Amino acid sequence: MTEETGLHAGDLPDDLTAAEAGMWQAFRNGSVYDLSSGDRVVDDPHGGHPWGPGRSVRARVVCWLLLDGPPALAGRVPALKLAGVRITGTLDLAGGAVTPYVELRGCRFDEQVLVPEARFTTLRLVDCAVPRLEAARVHTEGDLHLPRCRFQNGVRLTDAHIGTDLLLNQAVVYRDRSGRSIAADGLTVGQDLQAELLESHGELSLRSAKVGVSLSLRGARLANPYARLALNAPQLTVGRTLYLTPAGVGSPLLSGTTPARGTRIQRFECRGGMRLDDGRFGDAVDLERARFTFSDDQELSLRRIQTPELRFLGDRPQRGKVVLSGARIVNLVDHAGSWPEPGNLHMGGFAYESLVPQGPFPLTRRLDWIAAATAEYNPEPYERLAAVLRAAGEDEDAREVLLAKQRRRRETLPLAAKFWGYVQDWTVAYGYRPGRAAVWMAVLWAAGTLAFAHAAHPPMNTGGHPNWSPGLFTLDLLLPVIDLGQVGQWQLRGGWQWLAATMVLLGWILATTVAAGATRLLRRG
């Protein structure tokens, strides 16, 4: 461009305004060009105070500097560092290769910024007012920083490649015509994506995005009253942890850390559905103190996610659903008050290896947790919980879970099978409490012994018979397989015959339920 205009290297173009000439010289010197007035109200790029020509530069001059600017002064590195500057017109760097360092602080753009398919070393826009950032397939070798910026018509970072960090801390982003606040499908970030205290008004879309280290939405507020999803991030890959946790307010030193006690915090809040289906997270998904506000048709969808740890420690959603179907977790860290009400939790195929409850979570509440996830009988959640408890050495609790499974199954059976189920439950608790069999046997034996002690009992064979023993006679009736040589030796008449038949029947029922329970135990429930 300098050749076309007839300029020699370092010459100052004639058609520049005073503000642009100062920017031109600061660029060659690599210094900050600050047009701020010193009045915080006037200098607020998001406020309504007008910035006149003395603080304005044309976007095409900025593009000229970045794409074909003059050489640096001797011993300096060219860089565009602006503060308190208004950029008029559309900043269009689409497809360009920008070598100089770019940092704009507290600047105001009249029109959208277009950098699709452009290449930067590092690009920093800090506390700037931008109508829209169009940056599909942009490529940076270093960082892309957009903290405290406000975007009135959204940000597009589809298929962008960020070499190191992407910062969106405290940014405020409103939706575009498609309803998205940030469209970042296919985004790749080499290290961290920090969007702490972000305000998103519309759908934040991160479909198939890849983050090399951690993704932090600490203290973010996502709201989308216009559609079902506030965060749409299926097939998201995060090298370490996804943080949907509180953030400290007012201290930049707290970024990326747990706020200290006494620090004012802001929780992560999501007003609208969240979709993280098929996500892969190297360390954890952390939902500590997260707050979700759903309508009846919205949900927190964690279908088929894989992560070593899920920290489900947020507030209980009052409406909507939580879906963990097909998810695979190693450690499930939770507390009883985080899970939704019955009918709003779905866990079909949810696999976890250990439970780490925070606070009281008795087994009865854990069984309620299973019941909340199974509107219709499904053995899988019970068997999974029992296996986890058994692996942790809690055999008694594991048996209680399997007993609860059988009782839940009983409600689905036909009347006859349901009656048989009640018999098994009352007698030996489906085999999970085998000691009951001995108690029932002792009760029946004692009752029979007392009754038959008053029975008339003429012998069947007058030529020879054993001595009459009510206890042995009752025991012979109750044991269907073992013959003690008593039943065939004595004659009973009237009601005593009916009592003897009842004892035989009860003995067979008791033996059958014991056998069924033993078989179930051998199969480990």
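Not measured: the values here are computed from a predicted model.
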**Q.** N-O pairing of Arg316 and Glu341 below 4.0 Å
**A.**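 Result for this pair is yes, salt bridge flagged.
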(Q) Quick check on Arg271: does its CZ atom have over 12 non-hydrogen neighbours (other residues, nucleotides or ligands) under 6.0 Å away? (A)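 No - once you tally the heavy atoms of other residues, nucleotides and ligands closer than 6.0 Å, there are 12 at most.
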Show me the donor-acceptor pairs within less than 3.5 Å that the side chains of residues 278-285 make with the rest of the protein, sequence neighbours left out.
unit_1: Asp278; atom_1: OD1; unit_2: Arg304; atom_2: NE; d: 2.8
unit_1: Asp278; atom_1: OD2; unit_2: Arg304; atom_2: NH2; d: 3.1
unit_1: Arg280; atom_1: NH1; unit_2: Asp278; atom_2: O; d: 3.1
unit_1: Arg280; atom_1: NH1; unit_2: Arg304; atom_2: O; d: 3.2
unit_1: Asp283; atom_1: OD2; unit_2: Arg240; atom_2: NE; d: 3.0

Q. In terms of heavy-atom contacts, does CZ of Arg267 have more than 12 from other residues, nucleotides or ligands at under 6.0 Å?
A.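 More than 12 within 6.0 Å, yes.
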Q. Of all residues at least two apart in sequence or in a different chain, which pass the ring pair (Phe, Tyr, Trp, His ring centres under 6.0 Å) check with His346?
A.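 His346: no ring pair (Phe, Tyr, Trp, His ring centres under 6.0 Å) contacts found.
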Q) Do NZ/NE/NH1/NH2 and the carboxylate oxygens of Glu269 and Arg291 come within less than 4.0 Å? A)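 Salt bridge between Glu269 and Arg291, a charged N being under 4.0 Å from a carboxylate O: yes.
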Q) Which residue, Leu104, Asp34, Leu35, forms the side chain to side chain contact (heavy atoms under 4.5 Å, CB included) with Val85? A)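 Exactly one pass, corresponding to Leu35.
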Q.
Working note: Leu166 + Leu187, criterion side-chain contact (heavy atoms from CB on, under 4.5 Å); need CA distance, chi angles, decisive distance, verdict.
A. CA-CA 10 Å; Leu166 171 59; Leu187 169 72; 3.8 Å; yes
Q: Compute whether any side-chain donor of one residue and acceptor of the other, for Ser354 and Asn331, lie under 3.5 angstrom apart.
A: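 Note: Ser354 and Asn331 side chains meet the donor-acceptor criterion.
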Q: Under the side chain to side chain contact (heavy atoms under 4.5 Å, CB included) rule, collect the residues that match up with Asp143, sequence neighbours excluded.
A: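 Partners of Asp143 under the side chain to side chain contact (heavy atoms under 4.5 Å, CB included) test: Thr122, Arg124, His145, Thr164, Asp165.
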Q.
Can you tell whether the side chains of Arg218 and Glu196 come within less than 4.0 Å, N to carboxylate O?
A.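 Yes.
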Q: Specify whether Trp369 and Phe350 have parallel, tilted or perpendicular ring planes, treating 30° as the upper limit for parallel and 60° as the lower limit for perpendicular.
A: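 Geometry flag for Phe350 against Trp369: perpendicular rings.
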Q) Hey, are the side chains of Arg221 and Gln266 touching, using non-hydrogen atoms and a 4.5 Å cut-off? A)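 The answer is yes, as the side chains (C-beta and beyond) meet within the 4.5 Å cut-off.
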Q: Apply ring pair (Phe, Tyr, Trp, His ring centres under 6.0 Å) to Phe27 and list each qualifying residue two or more places apart in sequence or on a separate chain.
A: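 Per chain and number, Phe27 pairs via ring pair (Phe, Tyr, Trp, His ring centres under 6.0 Å) with no residue.
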Q: On the 0 to 90° scale, with breaks at 30° and 60°, tag the Trp24-Trp64 ring pair as parallel, tilted or perpendicular.
A: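 Taking Trp64 first and then Trp24, their aromatic rings stand perpendicular (interplane angle over 60°).
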Q.
Just by distance, no angles: are the side chains of Ser37 and Asp43 close enough, under 3.5 Å, to form a donor-acceptor pair?
A.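 Per modelled atom types, Ser37 and Asp43 side chains form a pair under 3.5 Å.
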Q: Just jot down the ring pair (Phe, Tyr, Trp, His ring centres under 6.0 Å) partners of Trp51, sequence neighbours excluded, or say none.
A: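 For Trp51 there are no ring pair (Phe, Tyr, Trp, His ring centres under 6.0 Å) partners, ignoring immediate neighbours.
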Q) How about Thr245 and Asp286: does a side-chain donor come under 3.5 Å of a side-chain acceptor? A)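 No pair is found: no donor N or O on one side chain lies under 3.5 Å from an acceptor on the other.
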Q: Indicate yes or no: does Asp176 engage Arg156 in a salt bridge with an N to O separation below 4.0 Å.
A: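 Here Asp176 does not pair with Arg156 in a salt bridge, since their nearest N and O are not under 4.0 Å apart.
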Q) Are Arg207 and Glu203 close enough for a salt bridge, meaning some N to O gap below 4.0 Å? A)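 Here Arg207 does not pair with Glu203 in a salt bridge, since their nearest N and O are not under 4.0 Å apart.
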**Q.** Those residues that, when tested against Thr99, pass side chain to side chain contact (heavy atoms under 4.5 Å, CB included) (two or more places apart)
**A.**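 Once residues adjacent in sequence are excluded, Thr99 has no partner under the side chain to side chain contact (heavy atoms under 4.5 Å, CB included) criterion.
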